[in-house]
Number of protein chains: 2
Amino acid sequence: MLGTAQTAMDAFLRRLLLRSALGPEEQAAIRGLKGQLIEFAARRDVVLPGQRIEHACLTVAGLLGRFDQMKDGSRQITAFYLPGDMCDLHSVVAPVTGWGLTALSGATLLQIAHADLRELARRYPALALAFWRDTTTDASILSKWVANIGRKDARARIAHLLCEMGLRSEMAGIGTRTAFRFDATQELIADAVGLTPIHVNRVLSTLRSEGVAVFRNRMAEVQDWDRLAAIAEFSTAFLLLDEPR
Amino acid sequence: MLGTAQTAMDAFLRRLLLRSALGPEEQAAIRGLKGQLIEFAARRDVVLPGQRIEHACLTVAGLLGRFDQMKDGSRQITAFYLPGDMCDLHSVVAPVTGWGLTALSGATLLQIAHADLRELARRYPALALAFWRDTTTDASILSKWVANIGRKDARARIAHLLCEMGLRSEMAGIGTRTAFRFDATQELIADAVGLTPIHVNRVLSTLRSEGVAVFRNRMAEVQDWDRLAAIAEFSTAFLLLDEPR
DNA sequence: CGTCGTCTTGATTAACCTCAAGAGGTGTGG
DNA sequence: CCACACCTCTTGAGGTTAATCAAGACGACG
């Protein structure tokens, strides 16, 4: 159990190092963080909208989704989180949530106290910048989603989501961009791209019959990455934020 | 001229203080920042997509827009910036832009070197957290936009944008939520909410004839705030991020 | 074997887009 | 000072995408 927590923290450190250079002392500080492992069954809410939280959640296993609920009951998913992602690192500086967090599949989380993270940010300026940079990736994806949902048709939206999740799975070391587990249903994809599940189904059918990509049994297989990326107008830049200097 | 730069920096400090408590030393550090004032004519690009930038832009006067360009030439606006807003504070930790920035009206900006801001973040941990928190507001708005565009009809989307800009104008001290300058055209509103200008026109007409809100001559007047907020399912929470503790 | 969640398919409807044309206002040059 | 060009807003008609309504098939699991 403690071993798993340590593995999770290492994954988080690896993710930070993807985008930020950290010295040995700072790396040790991250590795020294304490957290509590928690399991969630599929479809369980992790954080409810409007809650004040005292800890951030690091995804250890499974798929998490951040969502916004409308009055008529419909949901909009605003982010997916993969293992290694800190779902709500931004809550360290904004602990009252406007959103909710759900385990889309069975999931394991590591809860880390805000106080500990703030202490690290105070003590090590490089870590403060690294945390800030990490949440900026989140914002960058969000900005892409706005453009995706606002200005593209159903086909391009779904293609874009598949490209994004593929590349992120590859970066997280849990798959390749052309073959990866995506633990969502067609209904959840619909909630993410602003469509109905029925329409998502039809679009996935055409992508499948055209030999571009297959999404089945919660697995995505991309037969023709270039074609999929072209349909999506996908560019990798928004996921690969360069470090300054 | 120098006086204007000082005024602008004070506005930025006021904005930070809305969400973060800062000691006298830290406040003095912000006031001591140096910047260069630049004027832009309406419709001029300030930052192009893919550029590497070395400074952040503080909005002094006018309206700025961040956008994403599609291959067919259509644009999606992903953020509006009002006086006092630091358009691209996140570029301090991610200096290669995936987006562009345009002056939607004639605008005055104050450019502040990333190096200076990073130096402040390094020296004053409270400022690092304050900067981080400021960009979190941006992400919070972005997340609302995703839900807005993804799950609401044209009427609700436009109502939501009017509510948001009204409240932000009020918070920035440049208007009230029911009467404020919004220096956009119907076409720009369309680019922000993912609709065509023609449809925006029709929706604004109905809102006007129903006595809910009037948008004309780049001014918004809300006759019935409660009604508008109800149409939009607007809640103020996402703009008012609480500070921890 | 039956139930439930998920996927699939068809038919109809509604929201929004596209194309087209004209009106009002403003700035500019003759 | 008028004429013209240009930008923005407005209105109409018809087309398209995606939503809605409805029903069934498939597979996993108790």
Side-chain angles (χ1 to χ4, degrees), chain A residues 41-44 63 70 72-76 102-106 148-161 181-210 213-221 231, chain B residues 41-44 63 65 70 72-77 102-106 148-159 161 181-209 213-221 231:
Chain A
R43 302 291 188 157
R44 278 276 174 282
L63 183 71
M70 311 294 129
D72 68 359
S74 65
R75 278 187 169 193
Q76 172 70 42
T102 300
L104 302 180
S105 67
N148 202 36
I149 298 174
R151 279 285 172 251
K152 290 184 196 154
D153 65 15
R155 190 175 161 78
R157 286 188 217 176
I158 291 169
H160 198 278
L161 181 62
R181 181 167 190 82
F182 181 27
D183 231 325
T185 60
Q186 293 184 356
E187 188 178 9
L188 289 171
I189 292 177
D191 283 346
V193 295
L195 296 167
T196 56
I198 293 138
H199 201 61
V200 168
N201 180 277
R202 296 194 222 265
V203 171
L204 284 175
S205 295
T206 69
L207 289 177
R208 192 186 311 142
S209 66
E210 290 168 0
V214 178
F215 173 70
R216 194 155 27 192
N217 274 352
R218 302 179 167 237
M219 287 288 302
E221 277 176 57
I231 291 168
Chain B
R43 301 290 188 157
R44 278 275 174 283
L63 183 71
M70 311 295 128
D72 68 358
S74 65
R75 278 186 169 195
Q76 172 69 43
I77 292 177
T102 300
L104 301 179
S105 67
N148 203 36
I149 297 174
R151 280 286 171 248
K152 290 183 197 157
D153 65 14
R155 189 176 162 78
R157 287 188 217 177
I158 292 170
L161 181 62
R181 180 167 190 80
F182 182 27
D183 231 325
T185 60
Q186 294 184 355
E187 189 178 7
L188 290 171
I189 292 177
D191 284 345
V193 295
L195 297 167
T196 56
I198 292 136
H199 201 63
V200 168
N201 179 279
R202 295 192 222 266
V203 171
L204 284 175
S205 295
T206 68
L207 289 177
R208 192 186 309 142
S209 67
V214 179
F215 174 69
R216 194 155 26 193
N217 274 351
R218 302 177 167 241
M219 287 288 304
E221 279 176 55
I231 292 167

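None of these values were measured; they are calculated from a predicted model. Just so we're on the same page: letters track the sequence lines, and every chain starts at 1. Values reported hereafter were calculated over all heavy atoms of this structure, with side chains retained and with hydrogens, waters and symmetry mates removed.
Residue B:Gln186 has a polar side-chain atom (N or O) positioned under 4.0 Å from OP1 or OP2 of D:dT10. A:Asn201 has no side-chain polar atom (N or O) that falls below the 4.0 Å cut-off from OP1 or OP2 of C:dC7. B:Arg208 has a side-chain polar atom (N or O) that falls below the 4.0 Å cut-off from OP1 or OP2 of D:dT10.
Between the side chain of A:Arg151 and the main chain of B:Leu195, a donor-acceptor pair closer than 3.5 Å is present. The main-chain N or O of B:Val214 is never found under 3.5 Å from a side-chain atom of B:Arg208 such that the two would form a donor-acceptor pair. Not a single donor-acceptor pair under 3.5 Å links the side chain of A:Arg181 to the backbone N or O of A:Ala220. Side chain of A:Ser105 to backbone of A:Leu63: a donor-acceptor contact under 3.5 angstrom is found.
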- Message: Between A:Val200 and A:Glu187, is the side-chain contact (heavy atoms from CB on, under 4.5 Å) condition met? List the steps.
- Response: CA-CA 8 Å; A:Val200 168; A:Glu187 188 178 9; over 6 Å; no
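The side chain of A:Arg43 has C:dT6 as its nearest neighbour among C:dT6, C:dC7, D:dT8.
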- Query: Quick one: what's the B/S/- string for nucleotides 23-30 of chain D, heavy-atom cutoff under 4.0 Å, read 5' to 3'?
  - Reply: --------
- Task: If a protein heavy atom is under 4.0 Å from the base, mark B; if only from the sugar-phosphate, S; if neither, -; do that for nucleotides 12-21 of chain C going 5' to 3'.
- Result: ----SSBB--
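One finds a salt bridge joining A:Arg218 and A:Asp183 here, because a Lys/Arg side-chain nitrogen approaches an Asp/Glu carboxylate oxygen to under 4.0 Å.
Contact of the A:Ile158 side chain with the A:Phe215 side chain is not registered, since no non-hydrogen atoms from C-beta on lie closer than 4.5 Å.
Atom CD1 of A:Ile189 and atom CG of A:Leu204 lie 5.5 Å apart (nearest 0.5 Å).
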